[in-house]
Amino acid sequence: MTELAQERFSLLSLFKKIPFSTRVVGGLYLAVLVLGVVFGFSIATLISASLHFFGVWAIFALANVPSIQSGTGPNFALPIGIVNGLLAMVLVLAAGFTGIWFIIVSSVTALVFGSLSGYLYGRLMNAVKGSEMAIAPYTGFAITAAFGLVWLAIPINHPNMVFFLGDGLRHQIPLDYFGANFILAEFLYFEVFGLEVRTGELLVVFVACLLMYLFFRTKAGIAISAVGRNPLFAKATGINVDRSRVIANMMSTAIAAFGVIVYAQGFGFIQLYDFPMFMAFPAIAGILVGGASKQRANVTNVVVGTFVFQGLIAIVLPVFSRALAGTDVAGVVNQIRMVVQNGIILYALAQMSKGGK
Amino acid sequence: MTTNISGEKIRAFLLDNIVTIIFLGFVVFGFIVSDTFTPSSFTNDIISRFFRNGVLVLSLIIPIMAGLGLNFGIVVGALAGLLSIVFVRYHYALFPGIGGLLLCFAIATPIAILFGFLTGKLYNKTRGQEMVASLIVGFFAGGLYEIFLLFVVGGIIPVTRGHRMINPVAEGVRPVGIRSSFEMGLPAGEMTGRGFQNEIPGMARALNNLWRIEFIYALAVVSLAVFAFLVIRRIYMKKNPAVLSKLNEPLWSFCLKIAVCGAILAFAIFSSGQIYYWYNELQNHPYITRLDLLPGISNFVVEISRVDRVPVVTGMVIAAVGLFIVYFSKTKLGQDCRSVGQSQQIANVSGIDVDRTRIIATIISTVLAAWGMIIFLQDMGHVSTYTVHRNIGFFSVAAILVGGATAARASVKNAMVGLLLFHAMFIVSPAVGLFVFNDGNAGEYMRTFMVYGVIGVSLGLYVWKANKAIKDKERLDRPGVVSEAGD
C-alpha cells in the first residue's frame with residue numbers, strides 16, 4: 001500500500017517536473033499550433049497531422065526504451081532493426097500474402113529476424129562496452145549499405161516489386177498493389193469534428209507501450225533496469241549483466257523491425273535502399289524530447305516526446321508555408337527538423353556527461 | 001615455443017592491421033577483375049584525389065592526439081570553408097582568380113576559429129561522448145548552414161536578382177537562397193577559345209595551376225627526399241643510441257624501406273630521363289603534336305606521359321600541414337595535448353588546463369578542415385552547395401583509419417597511406433560491384449558499405465582491444481579471482 005502511494009507521489013512529481021527538452025519543443029509545438037490557428041487552419045487538421053506522424057514514429061521511439069534501460073544508450077543502430085523489418089516485408093510480399101495477412105505474417109517474421117540480428121548486435125555491444133554510442137551509428141550505416149546490395153541481388157521477380165528495367169527491387173514498393181496499404185490506419189478509423197483518428201495505428205502503439213510497461217515490471221525487465229542503473233551492483237546481486245544487455249538489444253532491434261511495418265503501411269509504400277540510414281536520429285530525438293536520459297527511459301517519455309517532436313515536424317510545413325507566403329519555406333522544413341532534432345540529441349549528450357561525472 | 005611466439009606475433013600484426021589488409025586485398029581484387037583501368041588512368045585518379053583530400057584528412061590528427069577521438073566535426077570546418085567560397089564567388093567580379101582563392105582562405109580562417117571554439121566548448125560539455133557528439137554536431141551545423149543559405153540569404157540579407165548563384169525567381173518575387181550548385185569559374189589559364197573573352201577568371205584549380213610538373217619528376221624528387229631522410233636518420237641514430245632505442249627500428253625493417261624506396265627512386269629517375277628525352281625529341285619534330293605519334297617511342301613512355309602533371313603548390317601545402325603537425329606535437333602545447341589524450345586527470349593534476357587544450361586542438365582541426373575544403377573545391381571546380389559537406393567527415397575518417405590509425409593514435413604517415421588506399425578502393429569499387437553483382441549500381445552501395453564498415457570495424461576493434469587489455473590487467477592484478485573472472 002505504501003509502495004503504491006510512493007509510486008503515485010513520484011508520478012505526480014514527475015508530472016510537475018516536466019523535463020527541459022519537453023518544455024522547449026512542446027513550447028515550439030504550441031507556438032506553431034497557435035500560429036496555425038491564427039492563419040486559419042482548423043485545430044483538428046493540425047492535430048490530425050500530428051497524430052498521423054505520432055502513429056508511425058512512436059514504435060521507433062519505443063525501440064529505444066530497452067536499450068537505454070540496459071545502459072547501452074539510445075539505439076543508434078536502429079537501421080539494423082529496420083532492414084530486418086524491410087526484409088521480412090519483402091519476403092512475405094513475395095510469398096504472396098496480401099491485406100491483413102501481410103501485416104500479421106510480416107510482423108511475426110520481422111520479430112523473429114529482429115531478435116536474431118538483435119542477439120548478434122547485443123553481443124557486439126557487449127564487446128565494445130563503454131563506447132556503444134560511438135560504434136552503433138556506423139554499424140547501422142554499414143548494415144544499411146550492405147542491404148543495398150541485398151535488395152539488388154535478391155532473387156525476387158514479382159512484377160510489382162522489381163525495377164522496370166534491370167534486376168533488383170525498386171526503391172519504393174507501393175503497397176496498394178497488394179491491398180496492404182493503410183491496413184492499420186483504416187482499422188476502426190473515425191472522424192470527430194474533423195479530427196481524423198487512425199484507431200488501428202494508435203491501438204498498436206498503445207498495446208506496444210503497455211507491453212513494454214508490463215515487461216519492465218517482470219523479473220527480466222527489472223534485471224535490465226538494474227544493469228543500466230549500476231552494472232557492478234547488478235552483478236553483485238547475481239544478475240547476468242551481459243545476458244540482460246543482449247536481451248535488451250534483441251528487444252530493441254525486434255521492435256524496430258516491427259516499427260517499420262507500421263511505418264510502411266501508414267504511408268502506403270515500402271522504402272528500400274538508403275531509407276533506413278538516418279532513421280535512428282529522429283526516433284532518438286523523439287524519446288529524448290520526452291525526457292529520457294542516459295539510463296532511464298519509460299513509456300511516458302516515448303508517447304509525450306514523439307507526439308510533441310513529430311507533431312512539430314508535421315505541422316511546421318503547412319503552417320509556415322501559409323504564414324510566410326511567398327517565401328520558400330518548404331525548402332527549409334527539413335533543415336528545421338535537422339536543427340531541432342540534432343540540437344536535442346546534443347543537449348541530451350551534454351546532460352549525460354554531466355550525469356556521468 | 002618460438003614458433004608459438006612468432007605465430008602470436010603474426011596474429012597480433014594481422015589484427016592490428018586488419019583494415020589495411022582488407023582494403024589492400026579489395027583494391028588488388030578490383031584491379032584484377034576489371035579491364036577498364038590502365039596504369040595511367042588509375043594513377044591519375046589516385047593522384048588527383050590525394051591532392052584534393054590531403055589537408056582534410058590531416059586535419060583529423062591533432063584531435064586524436066588530444067584524446068578527442070575521430071573528429072567527425074570537421075564538417076563544421078568544411079562549412080566555414082564553404083561559406084567563404086559562397087561569399088567570394090558571389091562577388092566574383094571583385095575577387096577573380098587566385099586572389100579570390102586566397103581571400104577565401106583569409107575569410108574562412110576567423111569563421112573556422114569561431115566555429116572550432118564553439119565545437120570545442122561542446123566537446124567539453126559532452127566529455128566521454130565526443131565521437132558521437134562530433135557526428136551529431138556535423139548534422140546540426142549542416143542544418144543551420146542550409147537554413148542560412150536557403151532562407152537568410154535573400155530572406156534577410158538582400159541579394160541581387162538574376163545573379164548566377166541565386167535561385168531564379170519570377171518578376172515581383174523576392175529572390176531567396178543560393179542555388180543547389182554553382183561553378184567555381186575557370187581560371188585564366190584554362191580559358192581558351194572565343195567565348196571566354198569577357199569572362200572574369202575564376203577559382204577552379206587556381207591553386208593547382210600555379211605550378212605543375214610532370215608526375216614522374218615529382219616522384220623522383222619525393223622518393224629521393226624520403227631516401228635521404230631514411231639514410232640520414234639512420235646515421236644520426238647510430239651516433240645517438242638513445243634515439244635509436246626510442247624509435248626501435250630493427251635493421252631488417254630499415255633495409256626493407258631502403259630497398260623499396262630505392263627501387264621507386266631508380267624507376268622514377270630512369271623514367272624521368274626517358275620522358276625528358278622524348279619531350280626534347282618532340283621539339284625536333286615540328287609536325288608531330290603528340291608524344292605517342294613519335295616514331296620509335298615505347299608504350300611504357302607513352303603510358304607515363306599520360307599521367308597528369310601534379311600540382312606542386314597544393315602538394316607543398318599538404319607537406320607544410322604535415323610538417324606543422326609533426327612540429328606541433330613537439331611543442332609545449334603539443335605535449336600538453338598528448339598528456340590530455342593519455343589521461344585528463346593526470347594532465348589536470350600536472351597543471352595543464354585540460355579544457356583549454358582540448359578547445360585549441362578542436363580549433364586547429366576546424367581551421368585545417370576549412371582550408372582543406374577550399375582546396376577540395378578548387379580542385380573539383382564545382383560546388384554542390386547543400387550536399388558537398390555531408391560526406392567529408394565520414395570519408396576523411398575512413399581514410400585515416402584505413403591508413404592504420406585508431407581513435408587514440410594517428411600519424412601523418414597513417415593519413416598519407418590511408419589517402420592512397422582509401423581512394424584506390426573508391427576507384428575500383430564500381431568495377432568490383434559490376435563483377436560480383438553484375439550491376440552498375442552495386443558499386444555505389446559497396447563503396448558506402450566499405451566507408452561505414454571500416455569506421456565501425458576499426459572503432460569496434462579498438463574498443464574491444466582496450467576492454468580486453470583492462471580485463472587482462474584486472475586478472476593479473478588479482479590472481480585470486482581468476483576462476484571467477486572466467487565466467
Side-chain angles (χ1 to χ4, degrees), chain A residues 73 76-77 124 126-153 166-168 240 273-274 277-278 281 294 324 326-329 331-332 334-343 345-347 349-354 356-357, chain B residues 69-70 122 124-133 135-147 150-151 154-155 167 169 173-174 176-177 386 394 407 433 436-442 444-457 459-464 466-468:
Chain A
F76 281 99
L124 173 70
N126 280 341
V128 298
K129 221 176 270 181
S131 301
E132 296 95 341
M133 272 192 279
I135 289 156
Y138 307 103
T139 320
F141 294 158
I143 298 284
T144 307
F147 266 78
L149 295 170
V150 171
W151 308 135
L152 280 175
D167 297 327
N240 189 335
Y273 298 96
D274 286 343
M277 200 75 92
F278 296 104
F281 301 101
K294 189 184 185 180
L324 302 166
T327 55
D328 183 27
V329 191
V332 292
N334 205 27
Q335 283 71 23
I336 293 174
R337 183 181 63 78
M338 287 280 275
V339 170
V340 172
Q341 161 190 319
N342 294 305
I345 297 177
L346 284 177
Y347 172 76
L349 284 173
Q351 292 302 107
M352 285 176 199
S353 299
K354 214 182 273 172
K357 242 181 185 174
Chain B
L70 303 162
L122 179 81
N124 282 340
K125 286 230 186 309
T126 56
R127 209 178 297 265
Q129 304 293 348
E130 292 94 346
M131 255 190 273
V132 66
L135 171 72
I136 307 286
V137 79
F139 296 151
F140 179 74
L144 286 178
Y145 161 85
E146 289 176 35
I147 291 176
L150 278 171
F151 190 68
N167 283 323
V169 286
V173 181
R174 194 174 180 172
V176 175
Y386 302 110
F394 297 128
V436 178
F437 292 92
N438 199 18
D439 193 312
N441 291 324
E444 192 56 44
Y445 294 105
M446 189 166 268
R447 198 183 265 183
T448 318
F449 172 70
M450 294 291 270
V451 171
Y452 295 127
V454 75
I455 300 173
V457 169
L459 281 180
L461 274 178
Y462 167 71
V463 176
W464 177 71
N467 283 355
K468 207 169 149 241

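FYI, side chains are in, hydrogens and waters are out, and symmetry mates aren't considered; it's all heavy atoms of this structure. All chains are named by letter (A, B, ...) in the order of the sequence lines, taking the proteins before the strands, and each is independently numbered beginning at 1. From a predicted model like this one, the values you see are computed outputs, not experimental measurements.
In this structure, CD on A/Q335 lies 11.5 Å from CZ on B/F151, to the nearest 0.5 angstrom. Distance check: A/L152 CG to B/M446 CE gives 10.0 Å after rounding to the nearest 0.5 Å. Residue A/I345 holds its CD1 atom at 9.0 Å from CG of B/L135, rounded to the nearest 0.5 Å.
Of all heavy-atom pairs spanning B/N467 and A/V128, the tightest one is ND2-C, 3.7 Å. Taking every heavy atom of both residues into account, A/L349 and B/Q129 meet most closely at CD2-CB, 4.2 Å. Summarising the geometry of A/A134 relative to B/M131, their closest heavy-atom pair is CB-CB, 4.0 Å, with the distance given to 0.1 Å. Closest non-hydrogen pair, A/K129 versus B/V463, comes out as O-CG1, 4.1 Å.
The part of B/L122 that comes within reach of chain A is its side chain, from C-beta onward, which places non-hydrogen atoms under 4.5 angstrom from that chain. Both the backbone and the side chain of B/F139 come within less than 4.5 Å of a heavy atom of chain A. In this structure, chain A has no heavy atom under 4.5 Å from any part of B/Y145.
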Quick one: side chains of residues 137-149 of chain A, donor-acceptor pairs under 3.5 Å with protein atoms, not counting sequence neighbours, listed by atom name and distance.
| unit_1 | atom_1 | unit_2 | atom_2 | d |
| --- | --- | --- | --- | --- |
| A/T139 | OG1 | A/I135 | O | 2.9 |
| A/T144 | OG1 | A/G140 | O | 2.7 |

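Chain A forms the most heavy-atom pairs under 4.5 Å with one residue out of B/V137, B/V132, B/I136, and that residue is B/I136. Chain B forms more heavy-atom pairs under 4.5 Å with one residue of A/F278, A/Y273, A/W151 than with any other, namely A/Y273.
The side chain to side chain donor-acceptor pair (under 3.5 Å) search around A/R337 returns A/N334, A/Q341, not counting sequence neighbours.
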